[in-house]
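Here the structure comes first, spelled out in structure tokens, and everything after it is commentary.
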Protein chains: 2
Amino acid sequence: MAGVDQEKSEHAGIDSARARVRMRVPSVAERVAQELRYQLAEGFLVPGAKLTEATIAEDLGVSRNTVREAFAELAGERLLLRQPNKGVFVATLEAGDIHDVYTVRRAIEVSSIRAGGSPERIAAVRAAVEEGKRAADANDNKGLGSANQHFHGAIVALAESSRLNTIMAQILAEMRLYFHKATLNAHFYSDWLRENEQICSALEAGELESAGDLLLAYLNRSEQQQSAIHGE
Amino acid sequence: MAGVDQEKSEHAGIDSARARVRMRVPSVAERVAQELRYQLAEGFLVPGAKLTEATIAEDLGVSRNTVREAFAELAGERLLLRQPNKGVFVATLEAGDIHDVYTVRRAIEVSSIRAGGSPERIAAVRAAVEEGKRAADANDNKGLGSANQHFHGAIVALAESSRLNTIMAQILAEMRLYFHKATLNAHFYSDWLRENEQICSALEAGELESAGDLLLAYLNRSEQQQSAIHGE
DNA sequence: ATCGCTGGATTGTTGAACAATCCAGCAGAT
DNA sequence: ATCTGCTGGATTGTTCAACAATCCAGCGAT
């Protein structure tokens, strides 16, 4: 009963005008996965929490097998951790994982920005910067967070690679999970607003090396901050 | 009956000496996935082929639901393509996918080699080079192929990132799928044997920039060759 | 406290059932 | 002959109920 429900499209009389495009109707398993993704991103499900199949199945009004399929998908995305015969748990990022995640980000973000991109893609990066500024003006912390994610997503999108995009999307989803613990204070966000601006300007000016260096420096510093926050 | 079977470990009498480590017994779904991965890598299942749930379930002697779970996993790895209400098919790499795959490889391989790695990891790269030489001497085409994959896998392993490693493993699995169409002729492999040697030497000598450049050049050329083979 | 047992809860897997969807083949109309 | 629309069979999507295997907390005995 928690949002998975979705009206079956029902324009009753209109069958003379034929539908040209197949209406996108995600399978139930897919909708369950989507709902779980949402609850994970929103912090409803905290890292380490156990997800009991029967409970979730009942809550969402679907079968246990269907929940199982959704679990398999999310486990593949590293959002859930499957422990055989014990259950599935919301993934937790350990100290080592932070370095791991930033290693991936360094690889794909720097590589993407160094190769430049089409004017449209660059405009999308600029748009994310502006989105961040607006959120800052409005004191919208949540907005700041997603603006930053859009910024880095837009950088990877420069490469026009579907695979890189999905990899980045997964990494960002993992980090979202983690950020809910590291309570986001405005002070933490103050730095990179200017920095994103710089990176974007360099990109627009075609100074790809410089843009890459700036981005790399940001990622290194960000990793340090995250490690510090998480303790150790 | 096609290889999923696996003796339940049966040292009958020995129960006095307690087992300290949990024996790794993959779930049935996992074994099905593994078997399918194997058949895909081996070229038993050709790209585009349809996998009917009931058939596979019967062949492997497992339930349809279990097969379904395995499908979900492999679809997440992009080895299978799921078309709602139509079935799952062995993934096919189109012209665009080749560029896509190489974009990912450029990002993570070059990034990994530029960061260097521990002596042990570097030794693993060297080992893959030697493995290639041995396969060449033995005229073992199949061995040449896997040696090359080990080489590039070892390069990514330099980064010590579990996530990068799994990404690379998936990419390599995808390429294995594709290589079965592009019949591997010895002539095609002749080039990079020397090149791997060079890259490895540069790496061992600590000339990381040079090693990265060589690797990048190889990847670019390889992409061109692949595109050419696939037509277009 | 430690050890070992036991019972209940949860997962892993199966088999059967049914609705929804797709597809090939066929009848009929233009 | 080609197109249209129907129909039946096959396959997928999903549910349900069952059972074995496994885990875990509690409890009693040493």
Side-chain angles (χ1 to χ4, degrees), chain A residues 1 4-10 15-36 48-76 80-90, chain B residues 1 4-10 15-36 48-76 80-90:
Chain A
M1 57 154 45
V4 160
D5 306 61
Q6 194 167 316
E7 305 298 332
K8 323 194 165 192
S9 61
E10 40 174 46
D15 53 0
S16 56
R18 265 332 209 324
R20 314 297 311 279
V21 289
R22 282 280 165 244
M23 185 90 88
R24 198 92 191 87
V25 179
S27 73
V28 175
E30 193 51 49
R31 271 179 291 166
V32 171
Q34 202 58 42
E35 171 67 18
L36 289 177
K50 173 171 185 183
L51 300 188
T52 308
E53 295 179 353
T55 307
I56 304 234
E58 196 174 5
D59 284 357
L60 299 181
V62 301
S63 148
R64 201 155 73 86
N65 276 324
T66 302
V67 172
R68 216 141 213 293
E69 246 184 83
F71 280 176
E73 188 169 334
L74 296 192
L80 299 182
L81 176 64
R82 207 161 202 174
Q83 276 183 304
N85 286 322
K86 299 188 66 178
V88 308
F89 303 82
V90 179
Chain B
M1 54 161 38
V4 158
D5 307 61
Q6 193 166 317
E7 304 299 331
K8 321 196 167 191
S9 61
E10 40 177 45
D15 52 0
S16 56
R18 261 339 204 324
R20 312 298 310 279
V21 289
R22 282 281 164 239
M23 182 89 91
R24 199 94 190 87
V25 179
S27 74
V28 175
E30 193 52 48
R31 272 179 292 165
V32 171
Q34 202 57 42
E35 172 66 17
L36 290 177
K50 173 171 185 182
L51 301 187
T52 307
E53 295 180 353
T55 307
I56 304 234
E58 195 174 4
D59 284 357
L60 300 181
V62 301
S63 148
R64 200 156 72 88
N65 276 323
T66 303
V67 172
R68 214 140 215 294
E69 243 182 89
F71 280 176
E73 188 168 333
L74 297 192
L80 299 183
L81 176 63
R82 207 162 202 175
Q83 275 182 306
N85 287 320
K86 299 188 66 179
V88 308
F89 304 81
V90 179

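Numbered from 1 within each chain, the chains take letters A, B, ... in sequence-line order.
Atom-to-atom, CZ of A/Phe89 to C1' of C/dT11 comes out at 11 Å; the value is rounded to the nearest Å. Atom CZ in A/Arg68 sits about 5 Å away from atom C1' in C/dG12, given to the nearest Å. As a whole-Å value, the separation of A/Arg82 CZ from C/dT10 C1' is 13 Å. In this entry the distance linking CZ of A/Phe71 with C1' of C/dT13 reads 16 Å, nearest Å. Atoms CG (B/Asn85) and C1' (D/dG9) sit 16 Å apart, rounded to a whole Å. Rounded to whole Å, atom P of D/dG13 lies 12 Å from atom NZ of B/Lys86. Atom CZ in A/Arg31 sits about 11 Å away from atom C1' in D/dG13, given to the nearest Å. Summarising the geometry, the separation between CD on A/Gln83 and P on D/dA21 is reported as 22 Å, rounded to the nearest angstrom.
Comparing atom distances between the B/Ser63 side chain and each of C/dT14, C/dG12, D/dG13 picks out C/dT14 as nearest. If you check D/dT11, C/dG12, D/dT14 against the side chain of A/Glu53, the one that comes closest is C/dG12. When each of D/dT22, D/dT15, D/dT12 is scored by its nearest atom to the side-chain atoms of A/Asn65, the top-ranked nucleotide is D/dT15.
Between A/Arg64 and D/dT15 there is no side-chain N or O to OP1 or OP2 distance below 4.0 Å. Put simply, B/Thr52 has no side-chain N or O that comes within less than 4.0 Å of OP1 or OP2 on D/dA10. The phosphate of C/dG12 (OP1 or OP2) has no side-chain N or O of B/Thr66 nearer than 4.0 angstrom.
Using a 4.0 Å cut-off between a side-chain N of Lys or Arg and a carboxylate O of Asp or Glu, A/Arg82 and B/Glu73 do not qualify as a salt bridge.
Side-chain atoms of A/Ser63 come within 3.5 Å of backbone atoms of A/Asn65 as a donor-acceptor pair (strictly under, hydrogens ignored).
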